[in-house]
Amino acid sequence: MLRYFTAGESHGEALVAFLSGMPAGLKVNQAFVDRELWRRQQGYGRGGRMKIERDRAHILSGVRHGCTIGSPIAVLLENKDWTNWTEALPVEPGDPAKHKRVASPRPGHADLAGALKYNFPEARYVLERASARETAARVAIGALAKLLLRELGIEVLSHVVAVGGAAVEKEVAWPAIAELYQREEVLLNCADASAETRMKEEVDHALHTGDSVGGVFEVVAHGVPPGLGTYAQWDERLDALLAAAVMSLQAVKAVEIGSGVAAATSPGSAVHDEIGYEKASGFNGFTRTRNKAGGIEGGVSNGEEIRVRGYLKPISTLRRPLQSVDFASREPVKAAYERSDVCVVPAAGVAAEAMVALTLARCALEKFGGDSMGETQRNCQGYLRQLREY
Ligand code: EPS
């Protein structure tokens, strides 16, 4: 079974990710993993922190001579900013005068709920762990999941479909999304140049007004065979697993599979994807006129591209802060402000790719099993043959 955890504080020494259950014999390409980490750090509207960090996956265990060995994988990502925080956040008691309190909770952040829950007098420890810095660790192990999926013919990428009020109206086809991946300079990771210009204006407006802006990303999984996930039990449905995985990302407030939102107000004839047959097409000849279902019917992948959208609320740290209350005095004050991002939609899309890849890898390993890549691939090939001969 594929299992994973992360640990680490945003301004602590390092982030750590654990990934257990990967078959042995998967080639690990360090440059690919580090490029995924780089991709997550890009995007117009990121704050000063991204100038400090240059994320790199330091693999501690589970990979030897360039391949997984079936043992748990541990990955360490250094926080370069730690050198500025050794006295403010030491592991040992340290000097309390040097600790950095977060005196007033930010509306929308975990600050208040977390301080109440863990009985902290202020929110420093809360934001340290609730911070989206943690997604760097997910992206590192998500990259390994992507490498596994590649061996099974599956690719996972994302693109941005909206920032604030600026949106791409048409469905973006896979080749355009694959082209975005090649870019060496990332603005808003949008496949439509004119929409991207409007998106940049939305970020500029937020920058000038001391505000923040959210948006929508779409993750696309290409080459997924029919049959991952199942309707047999509620917690094995692929759409439910993907929704939980993407919703677990900081600031994601809604998840949509395919055209799920519009489907609720459209007639059935405009929603469901009609079925045809062309012998040489796809995994087994069955075709669809369109993909409103986003590649999942009845909690099972249906052989079409899987499309999952995440709706991101604006970052809750505002340069022009909202009203709050001082933790100590209970007097009204403005919410705390620390250096922050203004827009993170492209970065969140990359983190969501990792979550989708980890979810699909888990489902694929449940279906195909295997303790070595040879065994997993053989089982997968056997199933693909069964589909062709159906
Ligand atoms: C974050 C606040 C900012 C972001 C951070 C998430 O960090 P800092 O407070 O150090 O400026 O840059 O994101 C990352 C560090 C990252 O790697 O994505 C927050 O409070 O959620």
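When a residue number appears, it is its place in the shown sequence, counting from 1. Each ligand, and each atom within it, is numbered from 1 in the order the structure gives.
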Tell me if the CZ atom of Arg339 is crowded by more than 12 foreign heavy atoms within 6.0 Å.
yes
Can you see which heavy atom on Ile141 is nearest to which on Leu19, and at what distance?
CG2-CB, 3.8 Å
Non-neighbouring partners of Thr135 that pass side-chain hydrogen bond (donor to acceptor under 3.5 Å, both in side chains), sequence neighbours left out:
Arg40
Do Glu305 and Val224 have side chains that get closer than 4.5 Å, going by heavy atoms?
no
Would you say the side-chain atoms of Ser212 pair up with the backbone N or O of Thr317, donor to acceptor, closer than 3.5 Å?
no
I need the contact residues for ligand 1: any residue with a non-hydrogen atom closer than 4.0 Å to the ligand, ordered by chain then number.
His11, Arg40, Arg46, Arg49, Met50, His109, Ser131, Ala132, Arg133, Arg339, Asp341
Between Arg183 and Glu185, is there a salt bridge with N-O shorter than 4.0 Å?
no
